Protein chains: 4
Amino acid sequence: MSQLKPRARDLGIPFEGTPGRLNAITDVAGVEVGQTTLISGDGKLAVGKGPVRTGVTAVLPRGRESIDQVFAAWFTLNGNGEMTGTTWIEESGLLEGPVMITNTHSVGVVRDAVIAWQMKRQGKTFQPWSLPVVAETWDGFLNDINGFHVKPEHVFGALEGAKAGAVAEGNVGGGTGMVVHQFKGGIGTASRKLDADAGGYIVGALVQANYGGRNGLTIAGVPVGKEITDLMPKQTAAADTGSIIIVIATDAPLLPHQLKRVVKRAALGIAKNGGIGGNSSGDIFIAFSTANAGAGKDSGLVSVQMLPNDRINPLFAATVQATEEAIINAMIAAETMTGIDGNTVYAIPHERLKEVLKKYNRLNQTREE
Amino acid sequence: MSQLKPRARDLGIPFEGTPGRLNAITDVAGVEVGQTTLISGDGKLAVGKGPVRTGVTAVLPRGRESIDQVFAAWFTLNGNGEMTGTTWIEESGLLEGPVMITNTHSVGVVRDAVIAWQMKRQGKTFQPWSLPVVAETWDGFLNDINGFHVKPEHVFGALEGAKAGAVAEGNVGGGTGMVVHQFKGGIGTASRKLDADAGGYIVGALVQANYGGRNGLTIAGVPVGKEITDLMPKQTAAADTGSIIIVIATDAPLLPHQLKRVVKRAALGIAKNGGIGGNSSGDIFIAFSTANAGAGKDSGLVSVQMLPNDRINPLFAATVQATEEAIINAMIAAETMTGIDGNTVYAIPHERLKEVLKKYNRLNQTREE
Amino acid sequence: MSQLKPRARDLGIPFEGTPGRLNAITDVAGVEVGQTTLISGDGKLAVGKGPVRTGVTAVLPRGRESIDQVFAAWFTLNGNGEMTGTTWIEESGLLEGPVMITNTHSVGVVRDAVIAWQMKRQGKTFQPWSLPVVAETWDGFLNDINGFHVKPEHVFGALEGAKAGAVAEGNVGGGTGMVVHQFKGGIGTASRKLDADAGGYIVGALVQANYGGRNGLTIAGVPVGKEITDLMPKQTAAADTGSIIIVIATDAPLLPHQLKRVVKRAALGIAKNGGIGGNSSGDIFIAFSTANAGAGKDSGLVSVQMLPNDRINPLFAATVQATEEAIINAMIAAETMTGIDGNTVYAIPHERLKEVLKKYNRLNQTREE
Amino acid sequence: MSQLKPRARDLGIPFEGTPGRLNAITDVAGVEVGQTTLISGDGKLAVGKGPVRTGVTAVLPRGRESIDQVFAAWFTLNGNGEMTGTTWIEESGLLEGPVMITNTHSVGVVRDAVIAWQMKRQGKTFQPWSLPVVAETWDGFLNDINGFHVKPEHVFGALEGAKAGAVAEGNVGGGTGMVVHQFKGGIGTASRKLDADAGGYIVGALVQANYGGRNGLTIAGVPVGKEITDLMPKQTAAADTGSIIIVIATDAPLLPHQLKRVVKRAALGIAKNGGIGGNSSGDIFIAFSTANAGAGKDSGLVSVQMLPNDRINPLFAATVQATEEAIINAMIAAETMTGIDGNTVYAIPHERLKEVLKKYNRLNQTREE
């Protein structure tokens with residue numbers, strides 16, 4: 001979780017575009033991320049007891065102290081998953097609280113706990129009711145998922161601990177027990193800063209990556225999955241049984257229908273890494289804009305800024321790029337993990353990955369070399 | 001076509017809400033309507049020769065002289081029909097030209113003619129290409145639809161003749177040969193003016209009504225279709241073989257995602273009159289807002305006004321009401337018509353309709369009584 | 001809850017179409033309904049203590065003992081609400097468990113409890129994960145909604161108590177604390193049986209009705225809301241702050257894309273009663289077909305039956321009709337209720353309603369008269 | 001147009017998956033393709049006179065002689081374009097005629113001509129009306145697009161000339177004047193044959209490729225656009241002003257909602273080649289299945305076969321792969337073309353492309369080497 005761990009581009013993996021200062025979703029001013037990681041127990045699965053390899057990740061568009069809404073939109077590449085709250089986002093164009101990510105069977109407890117937290121912290125919800133956004137991927141290969149180990153206090157912890165700054169990646173938060181391209185996955189993030197003449201906007205991505213078979217894995221265009229065919233999960237995991245949740249944040253002044261355009265491009269980032277949105281995958285994405293503070297007010301008229309459609313291409317490109325890199329960052333940060341019944345998922349081996357990239361003439365020189 | 005013809009509320013049919021000055025889509029400032037009506041020949045169908053009972057209706061959001069775009073959105077209740085140009089509206093949130101309505105088999109000629117007109121009148125299209133919006137309903141019961149009688153000059157005529165002011169209803173323009181609830185249908189319009197505390201906005205509807213079986217016809221809640229069971233089309237028309245195109249215009253400052261909410265409510269207006277969106281119906285609706293002039297510009301940032309979602313209900317209600325009345329206006333204005341092969345569709349009989357409403361205690365007093 | 005209570009048509013309210021034997025969603029063979037009703041406490045709101053006026057309603061497409069999936073689809077008229085599990089229904093075309101309805105702030109607990117119940121009863125979920133369908137409307141005018149009184153055992157109770165046969169209506173289950181057109185609302189149901197030449201299929205509707213202002217209320221075309229203007233909720237409830245969840249069941253062999261067509265028509269049933277899908281309303285609908293048992297299997301090829309699109313109109317009409325009547329049934333069955341802080345919602349007065357219908361010549365003769 | 005021209009894999013470009021016999025959409029039994037190519041004139045643009053560089057491509061799902069419908073679905077990556085007929089496909093799940101592709105300003109003439117052809121050839125349309133599917137990309141950089149040079153006879157020619165067997169690629173049919181990644185583009189096709197244990201199904205793709213900037217061009221993971229930066233269009237074409245239409249055909253028995261899943265994956269194939277679905281792009285895709293003959297009948301019940309969702313992943317992968325290769329095939333087949341005002345678009349240079357691939361260790365050995 002420390003910043004001393006190398007990230008994907010530290011290894012020399014080439015990516016398009018210019019990252020923001022932290023190369024993280026928190027490069028978008030106001031965005032805070034908080035995570036609760038639950039790791040306990042070892043050995044044989046005893047439902048309700050463990051082993052536990054799960055958690056909660058919270059993304060707060062305007063930080064913990066704000067109750068101001070943001071324009072938002074969502075998209076599904078493959079819908080074998082859940083993201084609550086999307087019906088109201090689709091209708092209203094507004095997101096009124098945090099985006100939470102956890103395991104598939106803990107969506108409910110997280111959802112109701114968000115309401116409890118809103119009542120406790122703010123004494124009220126935006127409307128008389130609240131429709132929290134909670135998404136998930138499945139960690140049942142490593143985690144006692146039917147033990148329901150996520151509790152309201154873990155949700156409160158993620159929300160209260162949310163902060164700007166560097167974001168922990170890999171085996172943390174909702175991503176603790178995740179698997180991607182049959183290597184260890186989890187939470188990853190990246191960002192892009194647009195050129196000044198494109199507005200200088202920031203696009204940040206945060207992923208909870210848990211999808212894909214090994215064979216398809218492509219990094220920077222290189223067929224890594226065909227080069228590193230060992231280090232497969234033990235004792236066996238079905239190929240492509242996972243999912244990916246992607247959160248896209250930007251400070252560009254986009255209206256809801258424009259954010260819908262942006263969020264759809266996250267799918268292209270997955271494609272670059274070799275994902276196909278497999279049948280068992282819940283590939284669900286949400287995008288929001290922190291511009292247009294006050295857009296959610298309920299009386300009078302609201303003045304909002306809109307980026308013309310003709311200027312949107314750099315945001316599309318940045319979304320593809322940040323998504324692509326965030327996924328690889330999740331893999332690079334993740335560490336080999338053993339969970340229930342001794343099931344083990346291996347981290348992608350950094351040195352071997354560099355060798356493969358070199359073989360295809362795609363390894364950047366890095367400082368230490 | 002004269003204003004001396006009674007309209008639905010002149011007969012004492014009760015409707016909810018307050019209409020605008022003309023009770024027409026042209027109550028929305030800037031909106032112009034132009035229509036070309038093609039009626040010629042009688043007797044047996046000779047494909048390519050006639051009889052002809054068709055036409056073209058043009059709705060220009062900001063009038064003939066403007067090339068400024070409007071925010072727009074669309075919705076389908078039942079999609080057995082065509083409205084071209086909707087894919088770009090869905091993506092961009094903007095409508096960049098007129099909304100045209102014609103018969104099903106003339107959509108193509110009208111579409112390309114709109115481009116030719118844009119090139120001729122403005123010397124250019126908005127983008128290097130143009131994606132015109134052209135919708136249709138089927139008039140093949142009365143019209144030689146496979147004779148392709150609509151020509152580019154009829155399209156130019158409708159566009160060049162477009163104007164503000166009262167709108168001709170009934171057997172005119174694209175609505176010339178239409179049938180609704182098995183009475184004669186066609187073009188109808190109505191509007192609502194919101195109370196000052198709701199913003200005083202105008203909502204206008206224009207319909208090309210061609211849907212529905214007799215049995216379901218309900219006017220002002222009264223089961224008219226069960227009371228007037230004669231005057232059925234001759235020589236036989238399948239029940240519910242038609243469609244309805246609805247154009248909703250407003251000057252309320254709504255963003256595209258809000259217009260999508262508004263346009264969906266047009267379906268509720270149909271329901272009030274007894275429509276169910278039958279399988280053979282192309283029930284396709286488009287809404288646009290004339291507020292936010294300049295929203296379609298292509299550089300810098302655009303400042304736009306947005307009505308808060310919390311203030312949108314009066315617009316929903318007005319959309320339902322204006323749609324409901326526009327359909328009945330189409331029926332009241334339409335006159336009995338005989339077309340191909342002697343096929344005849346009867347106008348709804350005004351006096352009998354009043355008697356039926358009176359039987360159900362639903363007839364308003366009118367001035368002449 | 002007894003069958004001795006009159007239902008809407010017992011009062012002489014005229015409805016279109018022919019109901020099934022029970023005039024309930026359970027007329028569709030296999031469908032079971034179970035409900036847990038939570039009513040306790042009186043007086044001033046003490047969050048976490050009560051008063052409690054809420055519950056859970058469960059609709060099981062193939063009954064409690066089956067794990068066979070059904071084809072399904074969903075639609076939103078206005079999305080200020082939640083129905084979990086819809087992303088996978090949209091993607092897969094299949095519904096893999098019960099449809100649950102509760103209050104807005106208990107969706108989470110109900111969701112996770114469904115998974116726990118599936119694990120307990122069947123020892124497994126359909127996939128390694130489960131994506132339960134849980135919908136809600138808001139009962140915070142009468143109920144201590146932020147007290148989170150729905151517990152997993154109430155969910156288990158509704159599921160284990162599910163059965164075929166008559167369905168309790170009014171202040172029961174998830175509908176316990178609901179308000180519709182500013183009268184007392186709740187759970188209602190109705191069904192239609194198609195003519196033999198239309199296939200003899202059954203369409204059933206179950207609603208949790210909680211939407212609408214008084215002024216718009218229309219029953220059988222009669223403007224009841226303008227005739228009965230007293231008996232408004234005390235101490236004040238904002239107009240149109242509610243929602244409606246609609247479940248449509250049929251035994252007609254419809255594919256998922258056809259069920260999407262059917263479920264959209266539920267909106268037309270609301271329109272007939274005067275709803276407009278107001279901004280604060282979560283009007284979310286789901287439809288499923290019990291035909292095509294085994295369609296959800298995961299290997300080989302599946303043979304399924306499909307009703308041609310040309311035969312779908314009677315199902316559209318039945319959906320509109322059953323929805324319309326189910327809402328009125330909810331109102332007729334509901335009884336005056338006092339909840340938190342002495343807030344009171346009145347039942348629609350049966351005799352006055354009959355008088356109003358008579359005034360508009362719309363009251364059917366009934367047996368007892 | 002001869003088979004002597006090398007195709008992408010003949011050059012040694014590596015692609016995933018196993019192609020069908022022709023590596024073309026016509027590997028799907030029954031599919032026929034016909035094309036009319038219009039090339040005339042040179043020099044300065046004289047609107048209405050030329051130069052002409054355009055055409056029409058027709059894809060007939062069950063061939064010219066059949067009037068049997070196919071299950072179908074569509075998807076938009078970026079909607080700055082037109083595909084008529086999609087509203088009815090979305091509603092009915094069925095496609096009832098050919099898929100036509102032409103230039104943006106000829107969609108109308110092609111649409112109405114399809115109806116005329118249907119009337120002429122079959123004496124009737126499927127319903128009393130016809131809703132043809134016509135898509136487009138913009139060829140105004142090379143072609144006198146506002147001269148409206150496509151005429152009904154060109155449409156009849158493409159339809160009557162449709163046949164099984166090898167498909168001409170590059171500067172032909174609707175693709176005649178197209179530009180992709182700022183090299184010459186046009187029509188391309190490819191197919192995949194699934195393994196026997198995946199059902200042995202065929203997936204074919206046909207593209208009219210006209211999208212993308214040079215910089216993003218990636219072939220087989222190799223950043224070709226950064227390696228070949230010369231040979232840019234003259235006298236200047238804006239980056240990314242184009243579009244791509246993709247037609248996916250399969251013989252796998254997929255229902256409409258499953259085809260919707262498949263067609264969405266075409267976007268991932270574009271991503272692999274470096275497309276981002278730019279703002280000015282009309283990236284619109286349609287997929288159909290030739291299985292389930294007779295599914296469009298209008299009475300009784302229809303028995304259809306459905307592939308379980310759990311078996312759909314190989315079809316997803318095949319769609320991504322065939323799309324990716326079809327685009328590259330369009331580029332490899334296309335030849336340098338000069339059009340209006342001397343505007344010139346260069347073919348991608350085959351030998352230099354091979355060198356680039358070799359540099360990145362991504363060139364397969366081919367027979368001649």
Side-chain angles (χ1 to χ4, degrees), chain A residues 68-69 71-75 86-96 126-128 131 197-201 251-265 287 289 291-316, chain B residues 68-69 71-75 86-96 126-128 131 197-201 251-265 287 289 291-316:
Chain A
D68 193 14
Q69 297 173 307
F71 281 141
W74 76 297
F75 180 71
T86 49
T87 304
W88 182 225
I89 289 171
E90 183 80 18
E91 184 81 38
S92 69
L94 291 161
L95 165 66
E96 58 189 38
F126 290 92
Q127 300 185 105
L131 299 164
D197 64 0
Y201 302 114
D251 55 3
L254 299 179
L255 299 190
H257 74 286
Q258 295 177 309
L259 287 162
K260 199 161 198 54
R261 306 179 73 187
V262 164
V263 72
K264 198 186 273 191
R265 271 66 187 179
S289 164
N292 288 315
K297 76 169 190 167
D298 61 4
S299 60
L301 287 183
V302 184
S303 286
V304 298
Q305 297 286 305
M306 177 179 78
L307 194 77
N309 284 324
D310 285 290
R311 298 185 62 199
I312 209 168
N313 278 355
L315 294 165
F316 289 173
Chain B
D68 194 13
Q69 297 173 307
F71 281 140
W74 75 299
F75 180 72
T86 49
T87 304
W88 182 224
I89 288 172
E90 183 79 19
E91 184 80 39
S92 69
L94 291 160
L95 166 65
E96 59 190 38
F126 291 92
Q127 302 185 101
L131 300 164
D197 64 359
Y201 301 114
D251 55 3
L254 299 179
L255 299 190
H257 74 286
Q258 296 177 308
L259 287 162
K260 199 162 197 51
R261 305 180 73 187
V262 164
V263 73
K264 198 185 272 189
R265 269 66 187 181
S289 163
N292 289 314
K297 76 169 191 169
D298 60 4
S299 61
L301 286 183
V302 185
S303 286
V304 297
Q305 297 285 306
M306 176 180 79
L307 194 77
N309 284 325
D310 285 291
R311 297 185 62 199
I312 209 168
N313 278 355
L315 294 164
F316 288 173

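Lettering of chains follows the sequences in order, A, B, ..., and the numbering in each one begins at 1. Values in this document were obtained by computation on a predicted structure and should not be read as measured data.
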*Donor-acceptor under 3.5 Å (B:Arg311 side chain, A:Gly300 main chain)*: yes
_Whether A:His257 side chain and B:Ser92 backbone form a donor-acceptor pair below 3.5 Å_ = yes
*Give, as side chain, backbone, both or neither, the part of A:Leu255 having an atom under 4.5 angstrom from any heavy atom of chain B.*
side chain
*Which bit of A:Ile312 is near chain B, if near means a heavy-atom gap under 4.5 Å: side chain, backbone, both or neither?*
neither
_So which residue, B:Glu91, B:Lys264, B:Lys260, ends up with the most heavy-atom pairs under 4.5 Å with chain A?_
B:Glu91
*Determine whether A:Leu301 and B:Pro253 make a side-chain contact, defined as any pair of heavy atoms from C-beta on separated by less than 4.5 Å.*
yes
*Looking only at heavy atoms, what is the nearest atom pair of A:Met306 and B:Ala295, with distance?*
CE-O, 3.0 Å
*Do you know which two heavy atoms are closest between A:Pro308 and B:Lys297, and how far apart they sit?*
CB-O, 3.2 Å
*Supply the atom-to-atom distance B:Glu90 CD to A:Arg261 CZ, rounded to the nearest 0.5 angstrom.*
11.0 Å
*Interchain contact, B:Asn309 with chain A, by part (heavy-atom threshold 4.5 Å)*: side chain
